[in-house]
Novice: 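Before anything else, here's the structure in question.
Proteins get letters first, then strands, A, B, ... in listed order; numbering begins at 1 in each. Bear in mind that the values here come from a model prediction, so they are computed numbers and not experimental data.
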Amino acid sequence: MSDTLRRNLALFPIGIVQKLTELTARQIRYYEQHELIQPVRTEGNQRLFAFNDVERLLEIKKLIDQGLNISGIKRILGPLEAHSDLPNKEEQEKTGEISEQELHDLLKQELLTARMNRPGVANSLIQGELSRFFH
DNA sequence: GTTCTAACA
DNA sequence: TGTTAGCA
């Protein structure tokens with residue numbers, strides 16, 4: 001499985017992203033309106049974020065802390081790469097493109113990476129919220 | 001219980 | 001940005 005595919009897998013709802021990034025849901029939706037991120041939607045119109053989106057949000061947060069406005073952030077992060085029409089988690093599982101086992105391995109790998117780059121409270125949150133993937 | 005959109009203190 | 005209303 002390619003790295004870009006892994007990072008673009010739509011996995012978490014806004015609540016988890018909220019804890020992961022320590023941004024409010026309001027802010028996350030606001031940044032989406034300004035095309036800083038492009039989470040996919042479920043059939044129920046709920047946002048599903050990928051690791052890519054989370055990383056992007058963390059960069060946005062850093063720039064906000066540095067006093068930048070939306071316009072400034074857009075210039076620094078640049079336009080969003082119109083990432084192709086990657087199937088979402090449900091479709092991938094439905095079509096058998098990704099097995100449950102692969103998904104678990106994928107998430108475990110991502111969590112290990114996150115643990116090394118972002119030690120602290122964020123990790124316990126990540127592990128807690130994603131524990132359902134490790135049966 | 002969670003998320004969504006819209007709108008206003 | 002926060003927060004609340006009214007839905008799905």
Novice: Of the candidate nucleotides C:dG2, B:dT3, B:dC4, which contains the atom at the shortest distance from the side chain of A:T24?
Specialist: C:dG2
Novice: Nearest to the A:N45 side chain among C:dG2, B:dT5, B:dT2, which nucleotide is it?
Specialist: B:dT5
Novice: Taking all non-hydrogen atoms of both residues into account, name the closest pair between A:L57 and A:V17 and its distance.
Specialist: CD1-CG1, 3.5 Å
Novice: Identify the nucleotide, in any strand shown, that forms a Watson-Crick or G-U wobble pair with B:dA9, with both distances under 3.5 Å; if there is none, say none.
Specialist: none
Novice: Considering every strand and a 4.0 Å limit on heavy-atom distances, what is the contact class for A:G15: base, sugar-phosphate, or nothing?
Specialist: sugar-phosphate
Novice: Starting from P on B:dG1, measure out to CD on A:Q18 and report it in whole angstrom.
Specialist: 16 Å
Novice: Starting from P on B:dT5, measure out to CD on A:Q46 and report it in whole angstrom.
Specialist: 10 Å
Novice: Is A:Y30 near enough to C:dT3 that one of its side-chain N or O atoms lies under 4.0 angstrom from OP1 or OP2?
Specialist: no
Novice: CD of A:E43 versus P of B:dT2: gap in Å, rounded?
Specialist: 22 Å
Novice: Atom CZ of A:F12 to atom P of B:dT3: distance rounded to whole Å?
Specialist: 13 Å
Novice: Looking only at heavy atoms, which two atoms of A:F49 and A:P13 are closest? And how far apart?
Specialist: CD1-C, 4.1 Å
Novice: Considering just the side-chain nitrogens and oxygens of A:R29, establish if one lies under 4.0 Å of OP1 or OP2 belonging to C:dG2.
Specialist: no
Novice: What nucleotide, of B:dA7, B:dT5, B:dT3, holds the atom closest to the side chain of A:R26?
Specialist: B:dA7
Novice: Using the side-chain heavy atoms of A:I14, tell me which of these nucleotides is nearest: B:dC4, C:dT1, C:dG2.
Specialist: B:dC4
Novice: Does A:R47 make a side-chain donor-acceptor contact with the base of B:dT3, cut-off 3.5 Å?
Specialist: no
Novice: Take atom CG of A:D65 and atom C1' of C:dT1, then tell me their distance rounded to the nearest Å.
Specialist: 14 Å
Novice: Hey, which sits more toward the 5' end of DNA chain C by its nearest nucleotide, A:I64 or A:G44?
Specialist: A:I64
Novice: With a 3.5 angstrom cut-off on both distances, give the Watson-Crick or G-U wobble partner of B:dT2, or none if there isn't one.
Specialist: C:dA8
Novice: Atom OH of A:Y31 to atom C1' of B:dC4: distance rounded to whole Å?
Specialist: 19 Å
Novice: Measure from CZ on A:R41 to P on B:dT2 and round the result to the nearest Å.
Specialist: 19 Å
Novice: Answer with base, sugar-phosphate or nothing: what part of the nucleic acid does A:L23 contact at a heavy-atom distance below 4.0 Å?
Specialist: nothing
